[in-house]
Amino acid sequence: MNKAEVKPKKILFVCLGNICRSPAAEGVFLDLLREQGAETHYEVDSAGTGGYHIGQLPDRRMRIHARQRGLDLTHHCRQVDTEDFEKFDLIIGMDASNLTNLRRMAPSIEAARKIHGMAEYFSPGARYDHVPDPYYEGAEGFELVLDLLQDGCRNLFTQLESEERD
Ligand code: 4NP
């Protein structure tokens, strides 16, 4: 099968509110795909385990910090759904609490195997083992989220592309 015939890999990024970390992860990964000319190889979305902000655009602070890195975050908040475990190949949670909630929701062992932590993709020597919730933090919290996501998404992309070649 040549590359054009390969089914797109479907990735869902998940955090609590779906207004800060996971829409930023979606935006960072999409930007990387555009840069690499790989948009057709993937479908990317994000969702929250909580349902406090359904329908909203990402938090204004997250959009401002992302914009400074050339990223437009246009996702509208939605909650994770059982059907997501069918639809997506990879479901990536930002922190331990997201992962616990996702594992509770997974309808089967096979579905639970799709769940991974974003920190699995951080470069060796990273100072964090999760993507910290920036909601009650200042500007540094949002910058840290973007730094971690830009590092992790690049490694995730490299890993997925190398699996595709195997
Ligand atoms: P996120 O951040 O999980 O990165 O989207 C949060 C956004 C909203 C809330 C908590 C975390 N909240 O409690 O409303």
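The structure presented is a predicted model; accordingly, all values stated were derived computationally and were not measured. Numbering of ligands and ligand atoms starts at 1, following listing order.
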Name the orientation class of the two ring planes belonging to Phe157 and Tyr42 (parallel below 30°, tilted from 30 to 60°, perpendicular beyond 60°).
->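 The arrangement is tilted - the two ring planes meet at 30° to 60°.
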For atom 2 (O) of ligand 1, what's the nearest protein heavy atom and its distance?
->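 The protein heavy atom lying closest is Asp133 OD1, 3.4 Å.
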Looking only at protein heavy atoms, identify the closest one to atom 4 (O) of ligand 1 and say how far it is in Å.
->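 Residue, atom and distance for the closest contact: Arg21 NE, 2.7 Å.
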So does Lys9 pair up with Glu161, basic N to acidic O under 4.0 Å?
->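 Looking at Lys9 and Glu161, the cut-off is not met.
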Ion pair Arg78/Asp45, N-O distance below 4.0 Å |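 Salt bridge present between Arg78 and Asp45.
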Record the part of Asn18 in heavy-atom contact with ligand 1 below 4.0 Å; permitted values are side chain, backbone, both and neither.
->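 Looking at Asn18 and ligand 1, just backbone atoms fall under 4.0 Å.
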Check each heavy atom of His53 against ligand 1 and say whether those closer than 4.0 Å belong to the side chain, the backbone, both or neither.
->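 Side chain only.
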For Cys20, counting its heavy atoms only, list the atoms of ligand 1 lying under 4.0 Å from any of them.
->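 With Cys20 as reference, the close atoms of ligand 1 come out as 1 (P), 2 (O), 4 (O), 5 (O).
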Is a side-chain donor or acceptor of His130 paired with a backbone partner of Asp95 at a separation under 3.5 angstrom?
->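 Flag not set: sc His130 to bb Asp95 has no pair under 3.5 Å.
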Pair Asn18-Ser46, side-chain donor/acceptor within less than 3.5 Å =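 A donor-acceptor contact under 3.5 Å links the two side chains.
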Please check if any side-chain donor atom of Gln79 sits under 3.5 Å from a side-chain acceptor atom of Tyr52, or the reverse.
->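 No, no side-chain donor-acceptor pair sits under 3.5 Å.
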Among Pro132, Pro23, Gly17, whose heavy atom sits nearest atom 3 (O) of ligand 1?
->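 That would be Gly17.
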From the candidates Tyr52, Tyr135, Phe142, the one that places a heavy atom nearest atom 7 (C) of ligand 1 =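 Heavy atom nearest to atom 7 (C) of ligand 1 belongs to Tyr135.
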Close N or O approach (Leu16, ligand 1; < 3.5 Å) =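 Yes, at least one N or O pair falls under 3.5 Å.
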